[in-house]
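Taking it in order: structure first as C-alpha cells, then the write-up.
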Amino acid sequence: MNIFDLYIDKIKKILLDLSKNGKLILPDRLDGINAEIPPIKFNSDISTNVAMFLSKINKKSATDLAQILAEVIKKNDKSIDTISIAKPGFINIKFKPIFWTNFIEDIIKNSKTFGVNKNEKKKNYLVEFVSANPTGPLHVGHCRGAILGDVIANVLLFNKNKVIKEYYVNDYGTQVINFTKSVYFRIREIKFKEPFPTDNEDLYPGDYLINFAQNIVNTNKKLDFKSFENISEELTALSIHEGLELIKKNLNSLDINHDNFVSEKKLVFNQEVDKVIDFLKKNKFVYKGKIKAPAGEDDTKWIEREQLLFKSTDFGDDKDRALQKSDGAWTYFASDVAYHKNKLDRKFDCLINILGADHAGYIKRISSSVDALSNSKGKLICKVSQLVKLIKDKKPFKMSKRKGNYITLDDLINQVGKDATRFIMLNRSSDVELDFDFDNVIEKSKDNPLYYVQYCYARIASVFRHLEKDLNSDIKINKYDFYYSEDEINILKKLSEWPKCIDVCCSKLEPHRIPTYLYELASLFHSYWNLGKDNPNKRFINEQKKITDDKLIFLKAISNVIKSGMNIIGVSTPEKM
RNA sequence: GCGCCCUUAGCUCAGUUGGAUAGAGCAACGGUUUUCUAAACCGUGGGUCGGAGGUUCGAAUCCUUCAGGGCGCGCCA
C-alpha cells in the first residue's frame with residue numbers, strides 16, 4: 001500500500017467530479033499534483049500541493065482554493081481527523097489513529113510485497129555491468145560499479161520487473177594477445193627457468209599470472225610449451241578461462257552472480273560484427289574518411305588515413321568513430337556495436353550499462369550506435385559510477401598497476417568484509433566521488449552506518465529472542481484494534497515512505513536511496529527504543545515478561561522493511577551483534 | 001580547446017518529476033546505563049545551498065553565464 005498514491009488518486013477523483021460540475025477548471029495533465037509527509041512542525045500526516053497547482057488556471061488564490069478543496073476532501077473521507085491550510089497553499093491532513101492501524105495491518109498481511117509498485121507496467125531489463133578485461137583480478141576500482149549494477153538489478157527485480165545481469169567478456173584484441181604472451185612467459189619461467197621479461201611494457205607483470213601459468217601447466221600435460229605460435233590459440237582460451245574464473249570468484253565474494261557472459265570473440269567469429277556494419281552501411285551511418293589527432297596530444301606523429309567511420313556526430317558526438325584498425329581487425333567499438341545489436345535483438349524494453357567514470361566519454365558513442373540501430377528509441381541508459389578515493393592512514397592512497405601496489409577486491413573483502421563494502425559503496429549517489437576510508441570502515445564503530453542499521457534489526461531480534469518468538473515467521477493477529485501513540489505513528493509514517501523509496505530507486509536508477517532510507521528508519525527506531533529507559537510503557541516487554549500485540553506487530557513491521565531493504569542491497573541482518 | 005560529473009554547516013554528504021523556517025553523520029561542548037543490546041539516546045552551537053542573471057505564485061532543484069575541483073577526449077579495451 002502506497003498511501004501517497006492512494007491520496008493522489010482520491011484527490012484526482014474529487015477534482016474530476018468538481019470539474020464535471022463546472023466548479024473547477026483542470027489543465028490537460030495532473031502530473032504535478034503530489035503528496036508527501038510534511039515537515040514535523042506542521043503536526044500532520046500527509047500534505048498536498050493540489051491547490052497551488054490549480055490556483056492559476058482557476059484564477060483563485062491558492063489558500064482560497066485550498067479551503068474549498070479541503071472541505072470536499074474531508075467530507076469524502078472518514079479516516080481524516082483534521083485538515084488544515086498552510087501558506088502558501090498546502091493542504092495538510094491529519095489522520096485518525098485508525099488510519100495507521102489499518103496501514104500496519106495491510107503491510108503485515110502483505111509483507112512480502114510491501115514496497116512493490118503494483119500499478120506500474122513491468123519491464124524487461126538487461127543490466128550489463130563489471131565487464132572488466134579478463135586479464136587479472138578485480139581491484140577496488142571495479143568494485144563500486146559492480147555493486148551499483150548488482151543492486152540496480154536487485155531493486156528492479158524486487159519491483160517485479162524481469163532482469164538479466166550480464167557480463168561482456170573482452171576476449172578479443174591486442175590486450176588479450178599481450179595477456180596470453182604474459183602467461184606464456186610465466187609458463188616458460190616455470191618450465192624452463194627463464195626469468196620473466198621486465199623490459200616489455202606491453203606485458204602484464206602481476207604475480208597472479210604465476211598461478212594462471214601453474215594451473216595451465218598442471219592441467220595440460222600434453223601441450224608443448226616450447227613454441228608460442230603453435231599453441232597460441234589454445235593458450236589464449238586457457239588464459240582467458242583462468243582470468244574469468246578468478247573474476248567470477250572475486251564477484252562471488254561480493255555475492256554478485258551474473259546470469260550471462262557474452263564473449264566478444266564469439267561475436268566476431270559469428271560474423272555479428274560484419275552483419276551490423278553491413279546494416280549500418282545500408283542505412284548510411286558508415287563512410288570512409290579520416291579522423292584528426294586527439295586534442296591535447298602531439299599531432300606531429302599522427303598519421304591520418306582513410307578508414308571506416310561511424311557517423312556518431314549525427315547523434316551529437318564530437319567526432320565520428322573508427323570501426324576498423326589499420327591491420328583490418330575490428331576496433332573495440334565495432335564489436336561493442338555488434339554486442340549492442342545483439343542485445344537489441346533479444347527484445348528487452350530497456351538496456352542499462354554501468355560504466356566507470358573513466359569510460360564516461362564512451363557513452364555518447366555507444367548510445368549513438370544504439371539509436372542508429374533502433375531508430376532513435378533511446379533504449380539504452382548508461383549509469384556512471386564516479387571514482388572511489390581510497391584513504392589509508394588518513395591519506396589518499398594512489399593505486400598504480402605498474403608499481404603493483406593496487407588493492408584487489410580480494411584484499412578489500414578480507415579486510416573489510418562483504419557487508420561493509422557493499423553498504424559503504426552504496427551509501428552515496430553514484431554521481432559523486434566516494435571517500436572509502438579503510439581504517440574507518442574496518443572499525444566497528446558507531447561512525448559506521450552499516451552497524452547502525454544492523455543494530456536496529458539486532459535489537460528487534462533480541463526482543464523476540466527474550467519472548468522465545470521467531471522473528472522470521474509470520475505473525476497472525478485476530479483483531480487489529482490498536483491505538484498507536486505519536487512516537488509510534490512517526491515511525492509508521494517513515495514505513496509508509498518505503499514504497500516511494502523503491503519507486504524513486506527504480507525510476508532514477510539510484511539505489512543509494514535505500515541505505516539512506518534505512519539509516520533514517522533506524523535512527524527513528526533507536527530514538528524510540530531509548531524512550532523505554534525513562535518510561536516503562538514505552539518498553540516492548542512488560543513486567544509480566546509479555547508483549548502486547550500492537551508492539552509485536554510494530555516491531556515486526558519495522559524489521560520486515562529493514563530486512564527487505566538489506567536484502568535488496570545484499571547486506572546481511574544478523575540477529576545478534 | 002571540447003565533453004561528462006561535482007560545488008549545500010569546519011569535514012563527509014542527503015535533499016522525492018520545482019514546494020513550507022534547507023537536513024543527517026563526523027568533529028566541538030554538555031548530559032543519559034540496577035530495567036528489552038550504550039555498536040544507542042538527548043541537548044547546544046554552526047548555512048549568502050560556489051558567484052551573477054533569468055523562468056514563476058514558489059528555485060538547492062529548471063535555463064543562461066562565470067569561477068573552482070575531478071574524470072575523459074586513441075587505429076587501447
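Residue numbers start from 1 in every chain, and the chains themselves are labelled A, B, ... in the order their sequence lines are given, proteins ahead of strands.
Residue pairs meeting the side-chain hydrogen bond (donor to acceptor under 3.5 Å, both in side chains) criterion with at least one member in residues 313-324 of chain A, sequence neighbours excluded, are A:Y287-A:D320, A:S312-A:D317, A:T313-A:D320, A:D317-A:R321.
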Distances for protein N/O vs nucleotides 16-18 of chain B N/O pairs under 3.5 angstrom?
{"residue": "B:rU17", "atom": "O4", "partner": "A:D31", "partner atom": "O", "Å": "2.7"}

Table of protein N/O atoms under 3.5 Å from nucleotides 54-62 of chain B N/O atoms:
{"residue": "B:rC57", "atom": "OP1", "partner": "A:K56", "partner atom": "NZ", "Å": "2.8"}

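Candidate nucleotides B:rA20, B:rA14, B:rC76 were compared by shortest atom distance to the side chain of A:Q175, and B:rC76 ranks first.
Residue contacts shown for A:A357 are limited to sugar-phosphate atoms, with no base heavy atom under 4.0 Å away. A:Y362 comes within contact range of at least one nucleobase, with a heavy-atom separation under 4.0 Å. Residue contacts shown for A:K319 are limited to sugar-phosphate atoms, with no base heavy atom under 4.0 Å away. Note on A:N133: only backbone sugar-phosphate atoms sit closer than 4.0 angstrom, heavy atoms only; bases stay farther off. The residue A:I363 sits apart from the nucleic acid: no heavy atom pair falls under 4.0 Å. Backbone-only engagement by A:H512 is indicated by non-hydrogen atom pairs under 4.0 Å involving sugar-phosphate atoms exclusively.
Listed pair A:S523 / B:rA24 fails the phosphate criterion, with no side-chain N or O lying under 4.0 Å from OP1 or OP2.
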Worksheet item: What dot-bracket string describes RNA chain B from 5' to 3', counting Watson-Crick and G-U wobble pairs whose defining distances are under 3.5 Å, with [ ] for crossing pairs and | for pairs to another strand?
Response: (((((((..((((.....[...)))).(((((.......))))).....(((((..]....))))))))))))....
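Cation-pi contact between A:K389 and A:F436: absent, since separation from the ring centre below 6.0 Å together with deviation from the ring axis within 45° is not met. Relative to the six-membered ring of A:F438, A:K392 meets both conditions, a distance below 6.0 Å and an angle of at most 45° to the axis.
Shown here are the side chain to side chain contact (heavy atoms under 4.5 Å, CB included) partners of A:V268, two or more places apart in sequence or in another chain: A:Y172, A:V273, A:W330, A:S335.
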Side-chain atoms of residues 355-367 of chain A: list all donor-acceptor pairs with protein atoms under 3.5 Å, sequence neighbours left out, distances to 0.1 Å.
{"residue": "A:Y362", "atom": "OH", "partner": "A:D336", "partner atom": "OD2", "Å": "2.9"}
{"residue": "A:S367", "atom": "OG", "partner": "A:I363", "partner atom": "O", "Å": "2.8"}
{"residue": "A:S367", "atom": "OG", "partner": "A:K364", "partner atom": "O", "Å": "3.2"}

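Applying the 3.5 Å distance criterion, the base of B:rC36 shares no donor-acceptor pair with the side chain of A:R459. For A:S131 and B:rA77, a side-chain-to-base donor-acceptor distance below 3.5 Å is absent, hydrogens and geometry of angles not being considered.
You'll find the ring centres of A:F554 and A:Y528 inside the 6.0 Å limit.
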Worksheet item: Are A:T548 and A:D550 close enough, and set up right, to give a side chain to side chain donor-acceptor pair (under 3.5 Å), and what steps lead you there?
Response: CA-CA 6 Å; A:T548 51; A:D550 59 338; 2.5 Å; yes
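In this structure, CD1 of A:I491 is placed 13 Å from C1' of B:rC41, rounded to the nearest angstrom.
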